[in-house]
Amino acid sequence: MDLKKLQDLALKNKHLYDKLNQVDGHKVWGSSEYMLGFAGDVGDLSKLIMAKNKLRRVNSDLDLDAAISHELSDCLCSILVLAKEYDMDLTY
């Protein structure tokens, strides 16, 4: 899948979360909230990578590869949304 299609999916996901937040009476996220969420996801990813490298303990029931994949996806989604928010071209 190319970067444009991934970004379109990330933006579709963002709009779905916008609607959910509105229904739930929460604030719709802007670029600041996406940046904070991205920072949190990077922190979660860091802990999982440390566990993968045997530098940190995790629950033995955790599928570490699946968790890392999930956090990488979260990080990528945030980057794609932030790039659109700031009209940045990531196709260099």
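What you see below is based on every heavy atom in this structure, not just the backbone, and it leaves out hydrogens, waters and symmetry mates. Since we're looking at a predicted model, the values are computed, not measured.
In this structure, S46 has no side chain to side chain donor-acceptor pair (under 3.5 Å) partners at least two apart in sequence or on a different chain. Taking K4 as the reference, D2, D8 meet the side chain to side chain contact (heavy atoms under 4.5 Å, CB included) condition, with sequence neighbours excluded. For A39, the side chain to side chain contact (heavy atoms under 4.5 Å, CB included) test picks out no residue, with sequence neighbours left out. Remark: L55 engages M50, N53 in a side chain to side chain contact (heavy atoms under 4.5 Å, CB included) (not counting sequence neighbours). With sequence neighbours excluded, no residue satisfies side chain to side chain contact (heavy atoms under 4.5 Å, CB included) with S32. Applying the side chain to side chain donor-acceptor pair (under 3.5 Å) rule to N13 yields no partners; only residues at least two apart in sequence or on another chain are considered. Y34 meets the ring pair (Phe, Tyr, Trp, His ring centres under 6.0 Å) test with W29; sequence neighbours excluded.
Listed by first and then second residue, the salt bridge (charged side-chain N to carboxylate O under 4.0 Å, His left out) pairs involving residues 9-20 are K14-D18 (not counting sequence neighbours). Evaluation of the side chain to side chain donor-acceptor pair (under 3.5 Å) test over residues 65-76, restricted to residues two or more places apart or in two chains, returns K52-D65, H70-D74. Sequence neighbours left out, not one pair with a member in residues 75-89 passes salt bridge (charged side-chain N to carboxylate O under 4.0 Å, His left out). Identified under the salt bridge (charged side-chain N to carboxylate O under 4.0 Å, His left out) test for residues 23-42, with sequence neighbours left out: K27-E33.
In plain terms, the two heavy atoms of L6 and L76 that are nearest each other are CD1-CD2, 4.4 Å.
The hydrophobic cluster containing L20 also includes Y17, under a criterion of side-chain heavy atoms closer than 4.5 Å among ILVMFWY residues, counted directly or through chains of members.
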